Amino acid sequence: MARVLITSALPYINGVKHLGNLVGSQLPADVYARYLRARGHEVLFICATDEHGTPAELAAAKAGEPVADYCARLWQVQKDLADGFALSFDHFGRSSSTRNHRLTQHFAGRLADAGLIEEISERQVYSIDDGRFLPDRYIEGTCPNCGYPRARGDQCENCTKQLDPTELIEPRSAISGSTNLEVRETKHLHLRQSKLRDELRAWIAAKTDWPLLSTSIALKWLDDGDGLQDRGITRDLDWGIPVRRGTDPWPGMEGKVFYVWFDAPIEYIAATAEWADATGQPDAAWQRWWREDLGASDVRYVEFMGKDNVPFHTLSFPATILGANFDGAEPWKLVNYIKSFNYLNYDGGKFSTSQGRGIFMDQALGILPSDYWRWWLMSNVPEGNDSNFTWESFQAGVNKDLADVLGNFVSRVTKFAHARFGATLPGTPPTEPSSPTCLADFSEWSPAERAVAEDLARRIAAYEANLEAMELRKAAQELRAIWVVGNEYLQSAAPWTAIKTDPARAAAITRFAFNLIRLYAVLSRPFLPDTADRMLAALGLADADWPTDLEAALRALPAGHGFEVPPVLFAKLDDTRRAELETRFAGV
RNA sequence: GGGCCUGUAGCUCAAUGGUCAGAGCAGAGCGCUCAUAACGCUUUGGUUGGGGGUUCAAGUCCCUCCGGGCCUACCA
């Protein structure tokens, strides 16, 4: 039994996330976490909302709410949606928590002690009317290169030239439109991660088993141009974690907060502490996941994220972790594996929050239950390349895989059995239902059942290998093939024919098919948790173990076991409905 | 501009440098009648973007051209 710590990239607090966000971190992390738990490993699965930064402040202002209230409300919205998609976080925390305040300040103090913090005075654009400093991309103006009137301070999206905000012609605030701007001097803390460049490169270079996407992005940042640059880790904002050096004030930094990208990854740790607090456990309970010296040396730490998050997780956060252990006194856990994803597009273009283009988590659940989405998203997860959502593809995936292959299998088995044999599994019930040998006596297998068991053993081994390697597309493909085995078996065994001449044989086939349903429920649970429960409920079971011993698993349900014919597991999406949805979600 | 990824059947994707490049969907034919007009079997379909090179052997490695995508550090 292994111990595995799993974190999903933190969704930003600013509004409901779309399916592209979901598929790139939370959902694959959930499938992995569910699988490892099913295999009996000790898993801690952590996520949280990322609540600080300029966009949160602006969104709160737009909503007419204090930022703290806005974030609390949106946290609940995101929590409910996570529950709606059956994301099995052990804790869903908040980067604005007290725990994160303390830990972030603690890490900053340690980094300062390590000589890795530098105070730098810089000049930034300040909007007098907005009363705030403006990040580069919150400044708009005319592009000096191409004349595009709505160029942003960091880059002109028309001619793609990179800009400095002071280059813009007639610059204005993107927030208020005010042209009442000035350049002001402001002092910030920088993390001197360039000093850790060689250490980071050696660490990354050893990760030969990581996705290319993870390592190639990291290596580019390490070695491109002048190499890894130091980063500002503070901002002039009201909402955030006040800059302190550990528990002490930081002279000269009054009124400033830490940059969201400094405190967000630390929230992985803080959220684990929040989990311990929420479950009434002492600090040791979370430290044994994060501190090598306090019990975490056997923990494997796996992070899931979209490619946009890779630089922060391969460089900045590790620099924080490594730097904080400068004297060997605080060996925090470094990530062991980074599973990164490309983007999911919507019908050939990007999902867009601002344009209302694509499907958002709340809308998705209003259309169909979560398992439909989980299945399509995971069987099309953008592992190797960007992938593309179309309603046509979604319809085909749902109708063929879920309705025709899995749903129909459960339907044909339970309906046949109920019509011919009644409400219990046919055959003579064993006299001692708990005795495995006794069950075996009443479950004599013909060569057909043996062949199916052998086929399944191979396929389940492949399925497990895929899941362990986090090859989720391949795992989904293999799971589907496992479902198909059931239909092949029924077709060749043909209990509807056997029953005319050999009722005992028909009964044995039926029992075997019911055991396949039970097996499929267990195997499918990482992808389809709600459906798995419904399948088991039809068999009168609350839960079932992973089929470590496949032969025993296929004999688990004896003659005499009661069952119900469940309602249709998956309704099909018809062409009319699909057309409706296409229109509704076409965007602006 | 620079860097990285990518191009394989009508579509979505697989293939440690090594049998005849494989699956699913779509198409065609046959079978079955338990089932959500579902299922099963068989089958059509490829000059692996173009060109050159290395090798006994290239979808895979190298060069080049063409197409698509992402990143490029103060959004997070």
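Note that the coordinates shown come from a computational prediction; the quantities given were computed from them, not determined experimentally.
Residues A:Glu185 and A:Ser121 share a closest heavy-atom pair of OE2-OG, 3.0 Å.
Note: A:Phe389 and A:Phe394 have tilted aromatic rings, judged against thresholds of 30 and 60 degrees for the angle between ring planes. The aromatic rings of A:His18 and A:Phe351 sit parallel, their planes meeting at an angle under 30°, below the 60° perpendicular limit. Between A:Phe514 and A:Phe563, the ring planes lie tilted relative to each other; the angle falls in the 30° to 60° range.
For A:Asp308, the listed nucleotide lying nearest its side chain is B:A76; candidates were B:C25, B:A76, B:U33. The side chain of A:Phe312 approaches B:A76 more closely than any other nucleotide in the set B:U36, B:A76, B:A23. The A:Asn385 side chain lies nearest to B:C5 when the options are B:C5, B:U36, B:G40. Checking B:C74, B:C13, B:A38 against every side-chain atom of A:Glu122, the shortest atom distance belongs to B:C74. The side chain of A:Lys572 lies closest to B:U36, out of B:C34, B:U36, B:U12. Nearest to the side chain of A:Leu490, among B:C34, B:C70, B:C25, sits B:C34. Distance from the side chain of A:Gln491 is smallest for B:G40 among the nucleotides B:G40, B:C75, B:U36. Listed candidates were B:A35, B:G24, B:C13. Nearest to the side chain of A:Arg480 is B:G24. Looking at the side chain of A:Ser411, the nearest of the listed nucleotides B:A73, B:C13, B:U36 is B:U36. Considering only side-chain atoms of A:Asp404, the nucleotide from B:C75, B:G24, B:C39 that sits closest is B:C39.
Nearest-nucleotide mapping onto RNA chain B: of A:Asp50 and A:Asp223, the residue sitting toward the 5' end is A:Asp223. Map A:Gly384 and A:Ser492 each onto its nearest nucleotide of RNA chain B; the residue landing nearer the 5' end is A:Gly384.
Contact annotation: A:Arg152 side-chain N/O to B:C75 OP1/OP2 distance is not under 4.0 Å. Checking the phosphate oxygens (OP1, OP2) of B:C39, a side-chain nitrogen or oxygen of A:Lys400 falls inside 4.0 Å. OP1 or OP2 of B:A76 sits under 4.0 Å from a side-chain N or O of A:Tyr259. Checking the phosphate oxygens (OP1, OP2) of B:A15, a side-chain nitrogen or oxygen of A:Lys474 falls inside 4.0 Å. Side-chain N/O atoms of A:Lys307 include none lying less than 4.0 angstrom from OP1 or OP2 on B:C5. Between A:Lys350 and B:C70, a side-chain N or O to OP1/OP2 separation shorter than 4.0 Å is present. Side-chain nitrogen and oxygen atoms of A:Arg137 include at least one within less than 4.0 Å of the OP1 or OP2 phosphate oxygen of B:C75. For B:A14, neither phosphate oxygen OP1 nor OP2 lies less than 4.0 angstrom from any side-chain nitrogen or oxygen of A:Arg473.
Among the atoms of the strands shown, only primed sugar atoms or phosphate atoms (P, OP1, OP2) are found under 4.0 Å from some heavy atom of A:Pro55. Here A:Phe409 lies out of heavy-atom contact (under 4.0 Å) with every strand. Counting any heavy atom pair closer than 4.0 Å across all strands shown, A:Asn342 reaches no nucleic acid atom. Heavy atoms of A:Ser216 sit under 4.0 angstrom from primed sugar atoms or phosphate atoms, though from no base atom. In this structure, A:Gln229 reaches the bases: a heavy-atom distance under 4.0 Å links it to at least one base atom across the strands shown. Looking at heavy-atom distances under 4.0 Å, A:Gly227 makes contact with a base. Heavy atoms of A:Leu134 sit nowhere under 4.0 angstrom from any nucleic acid atom. Contacts of A:Phe133 with the nucleic acid, taken as non-hydrogen atoms under 4.0 Å apart, are absent. Among the heavy atoms of the strands lying under 4.0 Å from A:Asn408 is at least one base atom, whether or not backbone atoms are also near. A:Val260 comes within contact range of the sugar-phosphate backbone alone, with a heavy-atom separation under 4.0 Å but no base atom that close. Residue A:Thr54 is in sugar-phosphate contact alone, with no base atom involved, counting any heavy-atom pair closer than 4.0 Å across all strands shown. As judged by a 4.0 angstrom heavy-atom cut-off over every strand, A:Val484 is placed among residues touching the sugar-phosphate backbone only. A:Lys220 comes within contact range of at least one nucleobase, with a heavy-atom separation under 4.0 Å. Residue contacts for A:Gly53: at a heavy-atom cut-off of 4.0 Å it reaches the sugar-phosphate backbone alone, with no base atom in range.
Under the side chain to side chain contact (heavy atoms under 4.5 Å, CB included) rule, A:Leu27 has a single partner from A:Leu472, A:Leu377, A:Val381, which is A:Leu377. Among A:Lys415, A:Arg534, A:Met535, the one residue that satisfies the side chain to side chain contact (heavy atoms under 4.5 Å, CB included) test with A:Val410 is A:Met535. Under the ring pair (Phe, Tyr, Trp, His ring centres under 6.0 Å) rule, A:Phe409 has a single partner from A:Tyr520, A:Tyr489, A:Phe570, which is A:Tyr520.
When the P atom is used for both B:U42 and B:G10, the distance is 23 Å, rounded to whole Å. With both ends at atom C1', the span from B:U47 to B:U43 equals 23 Å, rounded to whole Å. Taking the P atom of each, B:U72 and B:G53 are spaced 40 Å apart, rounded to whole Å. Distance check on atom C1': B:A14 versus B:A21 gives 10 Å, rounded to whole Å. Using P as the reference atom, B:C4 and B:C61 are 14 Å apart when rounded to the nearest Å. Taking atom P on both nucleotides, B:G1 is separated from B:C65 by 13 Å, rounded to a whole Å. Between the P atoms of B:C11 and B:G17, the separation comes to 27 Å (whole Å). B:C34 and B:A26 have their C1' atoms separated by 27 Å, with the value rounded to a whole Å.
For A:Gln124 against B:C74, a side-chain-to-base donor-acceptor contact under 3.5 Å is present.
A donor and an acceptor atom, one from each side chain of A:Arg132 and A:Ser173, are nowhere located under 3.5 Å apart.
Judged by the 6.0 Å distance and 45° axis criteria, A:Arg374 is not positioned over the aromatic ring of A:Phe527. A cation-pi contact, defined as under 6.0 Å to the ring centre and within 45° of the axis, links A:Lys307 to A:Tyr343.
Per the geometry, CG belonging to A:Leu237 stands 12 Å off C1' belonging to B:C75, to the nearest Å. To the nearest angstrom, P of B:G31 lies 20 Å from CG of A:Asn487.
Atom CD of A:Glu564 has 12 or fewer neighbouring heavy atoms from other residues, nucleotides or ligands inside a 6.0 Å radius.
Both geometric conditions, a ring-centre gap below 5.5 Å and a plane tilt below 30°, are fulfilled for A:Trp496 over the base of B:C34.
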- Query: Tell me, what's RNA chain B's dot-bracket, Watson-Crick or G-U with both distances under 3.5 Å, | for other-strand, [ ] crossing?
  - Reply: (((((((..((((....[...)))).(((((.......))))).....(((((..]....))))))))))))....
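Looking at heavy atoms from C-beta onward, A:Val183 lies out of side-chain contact with A:Gln124 at the 4.5 angstrom threshold.
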